[in-house]
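Because the structure is predicted, anything quoted here is derived from the model rather than measured.
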Amino acid sequence: MKISSFLVPAACALLSACSLFRTGSPSEPAVQPAVAPASPPAVQGEAPDKVWATFKNMSRTSEGGSIGAFAFSEKQGDATVSPTALRGDVLAVSGQFFGKGASQWAGVAVNIGAPKSIPVKAGEYKFLTIRLGSTTSSRLRVRLVGPDEAIQRMGCYPMVMQMVKPDVAEYRIPLDRFAPESYCGAKGVAAKPTLESLTAIEVTEVAGPVRDHAASFGVGTIALTR
């Protein structure tokens, strides 16, 4: 990461690691100033962008977050999920939808936990950047997840439906776009309180009404950015 030259004095002041230099030539007499100039105030830079997840294996992210793929449906058995796989640095999620039970809704999903499994206070960030692609759907649901398991089971944490292409590409989603689904009513949780203790990012290929077809999508690097 590049550090602009104007931050160096502040860094020196904070770390007490920089030497002091006298201006002028060695032969010049030292001039005692009438009033010693005040040291410039230390400037605390904004927190850097936070990498949420990169993928090198199927069980945990490189940042120590959990990875859990799952399927759900209105009627039992109308959606299944396969074991996840890696394609380079992309987590591949796949499954199958079945129309036999005539479910009105179903999904194949992956839940990607916070780094080191510690909730993140993320209110200062403005965007979620995420690499996504799907060969079986033009839209994927991306959800912010908080610590309340009951709200998570109801699906009432905030989400967006993100348009995607077959090839994995990066999408920069404003966090203020996230909102709970309309069926949640008063039980829905908005983005701002969710970001105060963010525990997971969930990506889902949804179907409804459900018919027989495969589900296949990829998730790459995820980050919270300014």
[atom1]-[atom2] distance between [X] and [Y], expressed to the nearest 0.5 angstrom:
X: Q104; Y: K75; atom1: CD; atom2: NZ; answer: 7.5 Å
X: D148; Y: R153; atom1: CG; atom2: CZ; answer: 8.0 Å
X: T194; Y: M159; atom1: OG1; atom2: CE; answer: 12.5 Å
X: T221; Y: I130; atom1: OG1; atom2: CD1; answer: 10.0 Å
X: T54; Y: L91; atom1: OG1; atom2: CG; answer: 11.5 Å
X: L128; Y: I173; atom1: CG; atom2: CD1; answer: 5.5 Å

Please determine if [X] and [Y] form a salt bridge, counting it only when a charged side-chain N lies under 4.0 Å from a carboxylate O.
X: D89; Y: R131; answer: yes
X: E181; Y: K187; answer: no
X: E63; Y: K116; answer: no

Can you get from [X] to [Y] by hopping between Ile, Leu, Val, Met, Phe, Trp and Tyr side chains that sit under 4.5 Å apart?
X: V145; Y: V206; result: no
X: M163; Y: V93; result: no
X: F70; Y: M58; result: no

Donor on one side chain, acceptor on other, D78 and S103, under 3.5 Å:
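There is such a pair (donor and acceptor under 3.5 Å, judged by atom type) between the side chains of D78 and S103.
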Can you confirm if the NZ or CZ of R172 lies within 45° of the ring axis of F127 and under 6.0 Å from the centre of its six-membered ring?
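The answer is yes; both the distance and angle limits are met.
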For Y125, does the six-membered ring have the charged nitrogen or CZ of R226 within the cation-pi criterion, i.e. under 6.0 angstrom from the centroid and within 45° of the normal?
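Verdict for Y125: a cation-pi partner in R226.
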